[in-house]
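All remarks here apply to the structure that follows.
All ligand and atom numbering here is 1-based and tracks the order in the structure. Each residue takes its place number in the sequence, starting with 1.
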Amino acid sequence: MLIYDLDFDSITKLLQEWDEPSYRARQIWQGLYQHLYDAPGQFTNLSKPLREKMAERLTFSPLKVKVYQDSSDGFTRKTLFELPDKNLIEAVLMRYGDPADSPHPNPSPKSGRGANRRTLCISTQAGCAMGCVFCATGQMGFKRHLSSGEIIAQALYYARMLKEENQVVTNIVLMGMGEPFHNYDNTMAAIDRLNDSNGFNFGARRFTISTVGLVPQIRRFADQKRQVNLAISLHAADDESRVAMLPVNKKYNIDEVIDACRYYVSQTHRRITFEWALINGVNDTPEIAKKLAARLKGLMCHVNAIPLNPTMGYNGQATSRERAAAFKESLEQAGIPCTIRMRRGIDINAGCGQLAGSIVSV
Ligand code: SAH
Ligand code: SF4
């Protein structure tokens, strides 16, 4: 049993079954999520027999580092982890303050903008079932859902690494491999556990979930009125071109997605982000920007446009800086705020699924 799969109540129950005093649960919780211990031997405030029992019955390190890569500018570290069943997942740390990473236009210094920003991009599934044509993870297909503990373990891995440098993770984006809303319950359980104020205490507003547009889950998420930021991968302004890129659009078309987004904003009063991979000659013209603006009219939102990160299985190319700027300008003239995020760490295949893809195809 993976210890990070257990919430506080489950740990309390387990300790009761083991005839341990109830305060042990708090000690273990603090050890895991405040001191960031990842081996029973580190829990020196527990009795030796209890530590031995934990070592026998529980696992503490579900992630084996298969390979890691630092970008040449040193700002980005990507780690490929192997799970116990040999599936591969990725998580990326970005050490820079790109305001476009946050849907808030003016993050306060406390939220970590600028030099101190440490954004972690983590995976929710091994592979992905959604099959978006330009995405390395989509090209790989679906392997399996991650458990909540496997999602958490990625965050704790980097938190430990940063702790050695006296730094902390400031933002977590669920934009690695997989579709978080296809693995809804485990993803939310992971967020709730990391959010616990007696443990890791990671503020809900510092998480961002990105979804390909699973409508029932967007509505469910809206009803839960969480403080977590929401980003929607849109990439096209009409159904015909969106279906060609994102097969899921056959099931939930743009109107349905945008209706669900309006519902989300009405329920939460939070601004929503639309993601847009700029693909040369495909979705980067001023006409398309105007079409997009018309669809988003009146919605409290922001468009986060990123030149495509080319992948092995897709022919499209990234939009040039000039065309990207023109796209942004057209959108903004039509009243929709837009940020162009230049991809960094491109030399380490920082696009989601690209490192796993390159290993698998070797
Ligand atoms: N499954 C979720 C989250 C993971 S993908 C989703 O699709 O939203 C995170 C973001 O990266 C999405 O916006 C996705 O469309 C985008 N993306 C995937 N492959 C890309 C590529 N090759 N270039 C640019 N963006 C890409
Ligand atoms: Fe899955 Fe997101 Fe990639 Fe689409 S873009 S295949 S939903 S990970």
Test of understanding: given a 4.0 Å heavy-atom threshold, classify the contact between H235 and ligand 1 as side chain, backbone, both, or neither. side chain
Pairwise side-chain contact, W276 with T319, heavy-atom cut-off 4.5 Å (strictly under): no
Proximal ligand 2 atoms for V212, defined as those under 4.0 Å from one of its heavy atoms: 7 (S)
Is there a heavy atom of G178 sitting under 4.0 angstrom from any atom of ligand 2? yes
My understanding is that we take every heavy atom of each candidate and find the minimum distance to atom 21 (C) of ligand 1. Doing that for N309, I279, V133, which one comes out nearest? N309
For D9, check salt bridge (charged side-chain N to carboxylate O under 4.0 Å, His left out) against everything at least two apart and list the hits. none
Atoms of ligand 2 close to G138 [distance to a heavy atom under 4.0 angstrom, numbered from 1]: 6 (S)
Using a 4.0 Å heavy-atom cut-off, say whether E275 meets ligand 1 through its side chain, its backbone, both or neither. side chain
Does the ring of Y263 carry R219 above it, NZ/CZ under 6.0 angstrom from centre and within 45° of its axis? yes
Out of A318, G176, S210, the nearest non-hydrogen contact to atom 4 (C) of ligand 1 is supplied by G176
Give a yes/no answer: is there an N/O/S atom of C128 under 2.8 Å from atom 1 (Fe) of ligand 2? yes
Return yes if a side-chain donor-acceptor contact under 3.5 Å exists between Q42 and H35, otherwise no. no
Going by the atom numbers of ligand 1, which of them fall below 4.0 Å from some non-hydrogen atom of T211? 6 (C), 8 (O)
Atoms in ligand 1 with a heavy atom of A277 nearer than 4.0 Å: 24 (C), 25 (N)
H182 vs F142 aromatic rings, parallel, tilted or perpendicular, using cut-offs 30° and 60°? tilted
C132 near atom 4 (Fe) of ligand 2: N/O/S under 2.8 Å: yes
Do R226 and R270 make a side-chain contact, defined as non-hydrogen atoms from C-beta onward lying under 4.5 Å apart? no
Pairs in or reaching into residues 225-259: which pass ring pair (Phe, Tyr, Trp, His ring centres under 6.0 Å), with residues at least two apart or in two chains? F134-H235
Flag M175 as yes when one of its N or O atoms lies below 3.5 Å from any N or O atom of ligand 1, and as no otherwise. no
Give a yes/no on ligand 1: does G178 have at least one heavy atom closer than 4.0 angstrom to it? yes
Proximity of I232 to ligand 1 by residue part, where a heavy atom lies under 4.0 Å: neither
So CD1 of I191 and CZ of R206: to nearest 0.5 Å the spacing works out to 13.0 Å
Does the structure place the NZ or CZ of R77 under 6.0 Å from the centre of the six-membered ring of Y68, at an angle of no more than 45° from the ring's axis? yes
Quick one: does T311 get an N or O within less than 3.5 Å of an N or O on ligand 1? no
What distance separates I28 CD1 from L14 CG, expressed to the nearest 0.5 Å? 8.0 Å
